Amino acid sequence: MKHTDIKPITDPSRPQVYIETYGCQMNVNDSEVVLSILQDAGYALTENIEEATLILANTCSIRDNAEQRIWGRIDQFRLQKKTRPEVIIGILGCMAERLKEKLLEKVDLVAGPDSYRDLPQMLQAIRPDRPQINVLLSHEETYADISPVRLDKNGVSAFISIMRGCNNVCSYCVVPYTRGAERSRDPHTIVNEAKTLWKNGYKEVTLLGQNVDSYFWKDEHNSSNNTNFAQLLEMVAKIDPALRVRFSTSHPKDISDEVIYTMAMYDNICKHIHLPVQSGSSTMLEKMRRKYNREWYLERVRKIRSVIPDCGITTDVIAGFSGETEQDHQDTLSLMEQVVFDSAFMFAYSERPGTLASKRYPDDIPYELKTQRLNEIIELQGKMSFKSNFNEIGKQLTVLVEGPSKKNPDELCGRASNNKMCVFPSMGEKAGDYCTVEVVSVTSATLICKRVEEQL
Ligand code: SAH
Ligand code: SF4
Ligand code: F3S
């Protein structure tokens with residue numbers, strides 16, 4: 001690893017970089033990699049845009065509204081140039097990759113997700129009439145040797161990207177085009193990164209990939225060292241029983257029994273699976289090219305619950321994909337009622353240029369109908385979240401403290417193993433401590449808990 005600073009350098013004598021991050025957790029981790037590269041090139045982080053000589057946005061293209069937001073931000077960034085013409089504005093991430101030269105009219109630097117090592121050289125080459133762009137995608141880049149500079153605020157929980165890209169071709173999704181082909185990272189570099197975090201006081205790591213179940217490391221010299229995702233999970237879980245391990249995202253077509261049994265074997269592998277279903281209709285799933293159907297999804301949920309009865313299961317749902325009938329929509333609602341997800345991210349379908357769906361399937365569900373269906377989905381999920389939380393009443397849970405609760409500074413908040421947010425009275429613990437609590441009442445978002453005196 002190039003350097004050992006785990007927290008950002010704040011040094012006013014260095015040139016200052018300001019970074020905004022949009023999109024998924026992988027983008028958050030990428031910003032941490034970018035900061036590491038820029039610190040090595042002499043920059044220091046600022047949270048004040050007015051001090052920054054380099055303004056970066058690490059962007060997301062997943063839905064049109066994500067991109068619209070960035071265009072608005074770019075206009076804001078450009079205001080800084082009015083008084084300080086030397087300011088450099090750069091767009092990183094998925095939108096850089098998708099729009100390429102189109103962004104150069106407005107910014108000085110466009111860098112796709114696999115080009116971050118090139119940033120120092122690009123920054124040096126920028127002149128007022130010479131913006132820089134690198135949007136090459138790679139089959140090898142995993143930034144495995146770069147030690148990310150942690151941008152989280154409380155030093156408890158950190159992300160580790162275990163792979164990049166995606167080899168699936170879900171017909172609605174832009175990610176394979178913005179992130180390129182799937183590649184897995186050497187497991188030893190992952191374990192070393194988790195160990196460094198543990199030594200620096202972190203208590204939780206989240207292993208990230210678009211489809212973690214297809215993680216696979218092939219050892220060129222010795223095939224007995226080949227590593228699949230279940231084996232990687234075990235390697236990280238063995239670092240220390242008090243280090244919590246989470247992961248995201250699981251793909252319903254790929255989540256294996258081996259992963260489920262590995263989770264069950266280790267207390268410190270958190271009992272939560274984010275398993276995006278997208279739709280409850282097998283017709284829609286086929287058109288989405290998810291490569292599973294409703295029955296397959298429900299079977300995976302049954303398997304998870306038979307092995308890990310208390311496992312939290314969360315999901316993503318898309319409303320109003322091409323050709324979605326009222327019956328397809330009802331199938332989504334009935335699946336949600338059947339599964340009772342703990343929580344869900346819910347979206348209206350947004351056609352993305354270049355995807356298979358944009359070429360083959362018209363975006364033919366009117367805006368009002370999409371919104372109405374989305375609202376029905378959101379309303380039902382509210383009830384399901386409450387129902388699933390209500391089932392927790394009376395249970396004892398171990399919570400990793402994140403800090404004071406936002407509403408009441410005399411209370412703490414933190415997550416249980418199943419990823420549910422808990423609030424409870426403080427007894428002076430700090431972020432990173434474990435507490436045992438008992439659930440006394442709930443809302444659809446939070447478990448309200450009392451303290452349980454630990455038996456010594
Ligand atoms: N790799 C993950 C998802 C990554 S994108 C997986 O396969 O599940 C996160 C979520 O955004 C997706 O699960 C999907 O629900 C949503 N999404 C992706 N493309 C979308 C689109 N074109 N319109 C609306 N939502 C979309
Ligand atoms: Fe997109 Fe599908 Fe890959 Fe997820 S698995 S990132 S939805 S293509
Ligand atoms: Fe967005 Fe790219 Fe992540 S499109 S969701 S930032 S992989």
Side-chain angles (χ1 to χ4, degrees), residues 20-31 34 57-67 69-70 91-99 112-114 135 137 159 161-182 208-215 247-255 273-280 284-285 287-292 297 300 313-322 324 332 336 341 343-359 361 363 365 367 370-371 373-374 377-378 381:
E20 280 182 14
T21 306
Y22 297 85
C24 59
Q25 296 169 329
M26 306 197 72
N27 245 20
V28 175
N29 193 224
D30 277 7
S31 289
V34 165
N58 192 3
T59 60
C60 174
S61 288
I62 200 83
R63 285 167 291 276
D64 185 56
N65 56 12
E67 289 196 356
R69 233 168 113 200
I70 310 284
I91 297 298
L92 315 176
C94 290
M95 199 171 157
E97 192 62 48
R98 197 179 85 72
L99 293 173
D114 288 344
V135 286
L137 287 172
F159 296 129
S161 297
I162 61 167
M163 58 209 292
R164 298 183 70 81
C166 182
N167 276 359
N168 293 312
V169 275
C170 303
S171 60
Y172 52 83
C173 183
V174 77
V175 171
Y177 308 95
T178 63
R179 294 267 167 176
E182 181 185 286
L208 297 178
Q210 292 297 351
N211 176 1
V212 290
D213 305 291
S214 67
Y215 173 89
F247 56 89
S248 187
T249 302
S250 301
H251 196 302
K253 80 175 161 68
D254 292 323
I255 186 167
I273 300 178
H274 186 61
L275 197 66
V277 66
Q278 316 299 2
S279 170
M284 285 293 108
L285 288 170
K287 210 166 164 184
M288 288 174 164
R289 305 225 165 182
R290 290 290 285 179
K291 303 205 171 98
Y292 56 86
Y297 187 90
R300 287 289 80 192
I313 302 181
T314 57
T315 203
D316 295 346
V317 180
I318 299 177
F321 185 57
S322 173
E324 186 185 70
T332 296
M336 291 169 68
F341 293 108
S343 70
F345 295 110
M346 298 154 283
F347 311 104
Y349 172 56
S350 165
E351 185 177 270
R352 307 311 292 130
T355 57
L356 194 72
S358 76
K359 291 177 197 151
Y361 309 129
D363 182 11
I365 306 300
Y367 175 79
K370 253 187 213 172
T371 312
R373 287 179 181 169
L374 177 62
I377 287 169
I378 292 172
Q381 183 51 43

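When a ligand or atom number is given, it counts from 1 through the structure's own listing order. Residue numbers run from 1 in the order of the sequence given. All values derive from a computational prediction rather than experimental measurement.
A donor-acceptor contact shorter than 3.5 Å is absent between the side chain of Asp363 and the backbone of Ser358. Side-chain atoms of Thr178 do not come within 3.5 Å of backbone N or O of Glu97 as any donor-acceptor pair.
Heavy-atom proximity to Arg290, at under 4.0 Å, picks out these atoms of ligand 2: 2 (Fe), 7 (S). Close contacts of ligand 2 with His251, meaning ligand atoms under 4.0 Å from a residue heavy atom, involve 5 (S). Using a 4.0 Å cut-off to heavy atoms of Cys60, the atoms of ligand 3 that qualify are 1 (Fe), 4 (S), 5 (S), 6 (S). Every atom of ligand 3 is numbered from 1 in the order shown, and the set under 4.0 Å from a heavy atom of Gln210 is 7 (S). Residue Asn27 has at least one heavy-atom neighbour below 4.0 Å for each of these atoms of ligand 3: 6 (S).
A distance of 11.5 Å separates CD in Glu20 from CG in Leu92, rounded to the nearest 0.5 Å. Separation of atoms OH (Tyr172) and CZ (Arg63) is listed at 10.5 Å; rounding is to 0.5 Å. In this structure, CE in Met336 is found 7.5 Å from CZ in Phe341, a value given to the nearest 0.5 Å. With rounding to the nearest 0.5 angstrom, the CG atom of Leu208 is 8.0 Å from the OG1 atom of Thr249. The OG atom of Ser248 sits 10.0 Å away from atom CG of Leu275, with the distance rounded to the nearest 0.5 Å. In this structure, the separation between CZ on Phe347 and CD1 on Ile62 is 8.0 Å, given to the nearest 0.5 Å.
Using a cut-off of 2.8 Å, one finds that Cys170 contributes an N/O/S atom close to atom 2 (Fe) of ligand 2. Among the atoms of Cys24, an N, O or S atom falls under 2.8 Å from atom 3 (Fe) of ligand 3. Inclusion of Cys173 in the first shell of atom 3 (Fe) of ligand 2 is not supported: no N, O or S atom falls under 2.8 Å.
The protein heavy-atom contact nearest to atom 3 (Fe) of ligand 2 is Cys166 SG, 2.3 Å. Counting protein heavy atoms only, atom 5 (S) of ligand 2 is closest to Asn168 ND2, 3.4 Å. Cys94 SG, 2.2 Å is the protein heavy atom nearest to atom 2 (Fe) of ligand 3. Protein heavy atom closest to atom 7 (S) of ligand 2, with residue, atom name and distance, is Tyr172 OH, 3.4 Å.
Taking 4.0 Å as the cut-off, Arg179 does not count as a neighbour of ligand 2 on heavy-atom distance.
Pocket lining of ligand 1, defined as residues with a non-hydrogen atom under 4.0 Å away: Ile62, Arg63, Tyr172, Gln210, Thr249, Pro276, Gln278, Arg290, Asp316, Ile318, Phe347, Ala348, Tyr349, Ser350, Arg352.
Here Pro176 has side-chain heavy atoms under 4.0 Å from ligand 2, and that is the only part of it that gets that close. Counting heavy atoms closer than 4.0 Å to ligand 3, residue Met26 contributes nothing at all.
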- Could you please spell out the steps behind the side chain to side chain donor-acceptor pair (under 3.5 Å) verdict for Glu324 and Tyr349? CA-CA 10 Å; Glu324 186 185 70; Tyr349 172 56; over 6 Å; no
- Passes side-chain contact (heavy atoms from CB on, under 4.5 Å), Met163 versus Ser214? Steps please. CA-CA 9 Å; Met163 58 209 292; Ser214 67; 3.8 Å; yes
- List the steps and the verdict of side-chain contact (heavy atoms from CB on, under 4.5 Å) for Asp30 and Arg164. CA-CA 10 Å; Asp30 277 7; Arg164 298 183 70 81; 2.8 Å; yes
- List the steps, then state whether side chain to side chain donor-acceptor pair (under 3.5 Å) holds for Asn168 with Lys291. CA-CA 9 Å; Asn168 293 312; Lys291 303 205 171 98; 5.1 Å; no
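In this structure, Arg300 is not positioned above the aromatic face of Tyr292 in the sense of NZ or CZ being under 6.0 Å from the six-membered ring centre and within 45° of the axis.
Taking all heavy atoms of Pro176, Gly165, Pro113, Ser61 into account, the minimum distance to atom 4 (S) of ligand 3 is reached by Ser61.
A salt bridge links Glu67 with Arg352: at least one charged nitrogen is closer than 4.0 Å to a carboxylate oxygen.
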